[in-house]
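Remember, it's a predicted structure, so these values are computed and weren't measured experimentally. Chain naming here is simple, since letters A, B, ... match the order of the sequence lines and numbering starts at 1 in each.
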Amino acid sequence: MGSVRVRFAPSPTGYLHIGGARTALFNWLFARHNDGKMVLRIEDTDQGRLKEDSVSQIISSLKWLGISWDEGPETGGDYGPYFQSERLDKYTKECERLMAEGKAYYCFCTSEELEADKEADRKARRPHRYSGRCRNLTDKQIEKYKAEGRKPVVRFKMPEGNTVVKDIVRGDVTFDNNLMDDFVIMKSNGIPTYNFAVVVDDHSMGMTHVIRGEEHLPNTPKQVLLYDALGYETPKFAHVPMILAPDKSKLSKRHGATSVEEFRDKGFLPEAIVNYLILLGWSPEGNTEIITLEDAAEQFSLKRVNKSSAIYDVTKLTWINGVYMRELPLEDVVGYALPFYINEGLIPEDYTEQDLEKVKSVADKVREREKTLVDLAKASSYFFKFDYEYEEKGVKKFFKKEGAADVLKSGLKALSSLDEFTAENAEKAYRDLIAESGIKSSKLFHPTRLALSGRTIGPGLFDIMILLGKEETLKRMEKAINYIESL
RNA sequence: GACCCUGUGGUCAAGUGGUUAAGACAUCGCCCUUUCACGGCGGUAUCAGGGGUUCGAAUCCCCUCGGGGUCACCA
């Protein structure tokens, strides 16, 4: 076997699905691990289902995730074109060869006839398969049909016997050819069906391995038969388990986010999504949970891919996202976070260098305790706006207490006397105040936090003060004192 | 319905005839702490069921049940 060549072959009918992303990822990992090539091919033969912009959406999602390809759209390559719609001549040629060899034939059955057959089978409660009516048409009959203007499809002549699919993940899977009918390989409009196009393409593009979702397994024997009929060498197959929704059903819109874009919009980082996806259906040796694309590529093996489908669990994704939020370089996190800060109305769309610096310093502290970019932006809001309301339960607990205003007043005084407003000095001022006055530390810290942020949780109190600056800190203290006194 | 795949805690998942059945997320408790998060320690919880094979089965075989997928001139 030559060097490894694998492909990800999405159909451009929408966004990049999380399951598709995982398939792409496994292909990428396998290619990388084996110093092989990753090909991106667009399966756009069904013009009816084609969606505008879908290709660019899929491409941008893949890029965003960090999944690259050596050949395909944008990058080109020696095995192009990489759009099936531009490869029609290849399918036609191979189809004609099959017909010349008697391995395929024209079928002129109308959809009405086919439907009637199907109905008859249904009534007789027998499994439906194509009747084979056109299997042995004479040249004369064919001419006659053609003269009538009927456009034929081309069907594959299903041979007798069994077909074995050798699958790296699942072992040998045997299918009875009797259960498969003479399926269509070329539609009446001259466009190949999936099963035919995929075989011609995978062969002509030199694919050594076909790694795809489990849902393709039942189709594979047909493809194997086609490989044989065409005299191609069969690639190695690996059908990876599917990703299911929490209720074990197929992941769909009603389960919330299913596309990579949606996860992005919910504030997940590409590094985290990729990390999570790597762990779904595959696991590295040892107890590693946090793993980079590069490390995974080094270790990746199809032998360690699971057989059973996995239920995707957003809770664990969220945990992983939190890990990356605090461990990735601050610049990276801020880069991803900016749109969320804009969306929260914290900085303008045409933000300045100053805005950026502020986001950086705020995010640096806030990211420690948040798990998504959405939460990060929300938890940062009071650093940018002073229009917040005091949290109700905080007010009850800390503001509506005997002497609350006085405590804040003494805090305010201690702070205002500071020349150099640093976290160390501010903390010292508070600690000294506590020591001198005998005020309990919690009686001072909590109301201060509520005054400065409107909340009962957040970064270290003195970090907040520094981020706010002396002037703003004092202003907020004063406002809180007034508020308490008005209660 | 037919065919195919699959079945270890709530979820991910290690495990390939002999283990006290790892680990992670979640959950519960404790600790750390100005709060939250992080972190640390500990707890609850798993081999779908039934038959075999074997001195010995999560691991091998069979059946049942559960889950999923495929049955197009879609991909």
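Neither side chain, N321(A) nor T372(A), offers a donor N or O lying under 3.5 Å from an acceptor on the other. Counted by atom type alone, Y105(A) and D182(A) present one or more donor-acceptor pairs between their side chains at under 3.5 Å. Checking D201(A) against Q84(A) by side-chain atom types alone, a donor-acceptor pair falls below 3.5 Å. At a cut-off of 3.5 Å, with distance as the only test, a side-chain donor of T163(A) or N177(A) sits close to an acceptor on the other residue. A donor-acceptor contact closer than 3.5 angstrom is absent between the side chains of T193(A) and N195(A). Looking at H239(A) and R212(A), their side chains do bring a donor and an acceptor atom within 3.5 Å of each other. Checked by atom type, the side-chain pair T45(A)/Y194(A) shows no donor-acceptor distance below 3.5 Å.
With both ends at atom P, the span from C73(B) to C61(B) equals 38 Å, rounded to whole Å. Comparing the same atom, P, in C62(B) and in C4(B) gives a spacing of 13 Å after rounding to whole Å. With C1' as the reference atom, A2(B) and U8(B) are 31 Å apart, rounded to whole Å. Rounded to a whole angstrom, the distance from the P atom of U16(B) to that of A22(B) is 13 Å. Annotation: U19(B) and C63(B) have their P atoms spaced 29 Å apart (nearest Å). Comparing the same atom, C1', in C47(B) and in G29(B) gives a spacing of 28 Å after rounding to whole Å. U6(B) and A13(B): their C1' atoms are spaced 16 Å apart (whole Å). Nucleotides G52(B) and A57(B), compared at atom C1', are 12 Å apart to the nearest Å.
Atom P of nucleotide A37(B) and atom CG of L461(A) are separated by 17 Å, given to the nearest angstrom. Distance E427(A) CD to U33(B) C1': 12 Å, rounded to the nearest Å. Distance CD1 (I291(A)) to P (A24(B)): 16 Å, rounded to an integer number of Å. When the C1' atom of C38(B) is taken as reference, atom OH of Y324(A) falls 17 Å away, rounded to whole Å. Rounded to whole Å, atom C1' of U16(B) lies 10 Å from atom NZ of K307(A). Separating the CD1 atom of I320(A) from the C1' atom of U11(B) is a distance of 12 Å, rounded to the nearest angstrom. Taking atom CD1 of residue I290(A) and atom P of nucleotide G23(B), one finds them 17 Å apart after rounding to whole Å. At whole-Å resolution of the value, CG in L317(A) and P in A24(B) are 19 Å apart.
G42(B): Watson-Crick or G-U partner is C28(B), with both key distances under 3.5 Å. Base-pair partner of G1(B): C71(B) (Watson-Crick or G-U wobble, both distances under 3.5 Å). The base-pairing partner of C12(B), taking Watson-Crick or G-U wobble contacts with both distances under 3.5 Å, is G23(B). In a base pair of the Watson-Crick type (N1 to N3 plus N6-O4 or O6-N4) or a G-U wobble (N1-O2 and O6-N3), with each distance short of 3.5 Å, G7(B) is matched with C65(B). Across the strands present, U59(B) finds no partner; the criterion is a Watson-Crick or G-U wobble pair with both atom distances under 3.5 angstrom.
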Side-chain donor-acceptor distances from residues 306-314 of chain A under 3.5 Å, at least two apart:
from, atom 1, to, atom 2, distance (Å)
K307(A), NZ, V169(A), O, 3.1
D313(A), OD1, T315(A), N, 3.2
D313(A), OD1, T315(A), OG1, 3.2

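Distance alone, capped at 3.5 Å, places no donor-acceptor pair between the R41(A) side chain and the A9(A) backbone. Proximity of a side-chain donor or acceptor of D181(A) to a complementary backbone N or O of Y130(A) within less than 3.5 Å is detected. A donor-acceptor pair under 3.5 Å is formed between the side chain of R129(A) and the backbone N or O of N178(A).
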Reading nucleotides 67-75 of chain B from the 5' end, what letters show protein touch, with B for base, S for backbone sugar-phosphate only, - for no heavy atom under 4.0 Å?
SSSS--BBB
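Identified under the salt bridge (Lys or Arg N to Asp or Glu O under 4.0 Å) test for residues 434-461 of chain A, with sequence neighbours left out: none. The salt bridge (Lys or Arg N to Asp or Glu O under 4.0 Å) analysis of residues 314-326 of chain A, with sequence neighbours excluded, yields the pairs E289(A)-K316(A). Sequence neighbours left out, the pairs with a member in residues 426-435 of chain A that pass salt bridge (Lys or Arg N to Asp or Glu O under 4.0 Å) are E427(A)-R431(A), K428(A)-D432(A). Applying the salt bridge (Lys or Arg N to Asp or Glu O under 4.0 Å) test to residues at least two apart or on different chains, the pairs with a partner in residues 393-406 of chain A are E391(A)-K393(A).
Using a 4.0 Å cutoff on non-hydrogen atoms, the parts of residues 429-447 of chain A near RNA chain B are R431(A), F445(A), H446(A), ordered by number. Of all the residues in residues 360-369 of chain A, E368(A), R369(A) reach under 4.0 Å from RNA chain B with at least one non-hydrogen atom.
Side-chain atoms of R170(A) lie closest to U6(B) of the nucleotides U6(B), A14(B), G23(B).
Residue R304(A) is classed as a sugar-phosphate contact, given heavy-atom separations below 4.0 Å to backbone atoms only. Nucleic acid contact for G460(A): base, since at least one base atom lies under 4.0 Å from a heavy atom of the residue.
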Working for ring-ring contact (aromatic ring centres under 6.0 Å, His included), residues F300(A) and W282(A):
CA-CA 8 Å; F300(A) 191 78; W282(A) 180 80; 5.3 Å; yes
For nucleotides 62-65 of chain B, which of its nitrogen or oxygen atoms have a protein nitrogen or oxygen under 3.5 Å away, and what is each distance?
none

What are the atom names and distances for every N/O pair under 3.5 Å that joins the protein to nucleotides 8-10 of chain B?
none

Using atom names, set out every protein N or O paired with an N or O of nucleotides 39-47 of chain B below 3.5 Å, distance rounded to 0.1 Å.
none

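Each of V305(A) and D176(A) lies near RNA chain B, and the nucleotide nearest D176(A) is the one positioned closer to the 5' end.
Between Y390(A) and F399(A), the ring planes are perpendicular. Angles over 60° get that label, and only those under 30° would be called parallel. Between F156(A) and F183(A), the ring planes lie tilted relative to each other; the angle falls in the 30° to 60° range. Ring orientation note: the planes of Y430(A) and F445(A) are nearly perpendicular, at an angle over 60° on the 30°/60° scale.
Partners of T110(A) by side chain to side chain contact (heavy atoms under 4.5 Å, CB included), not counting sequence neighbours, listed by chain and number: E112(A), E113(A), R150(A).
Under a cut-off of 6.0 angstrom, the local environment of NZ in K157(A) is crowded, with over 12 non-hydrogen atoms contributed by other residues, nucleotides or ligands.
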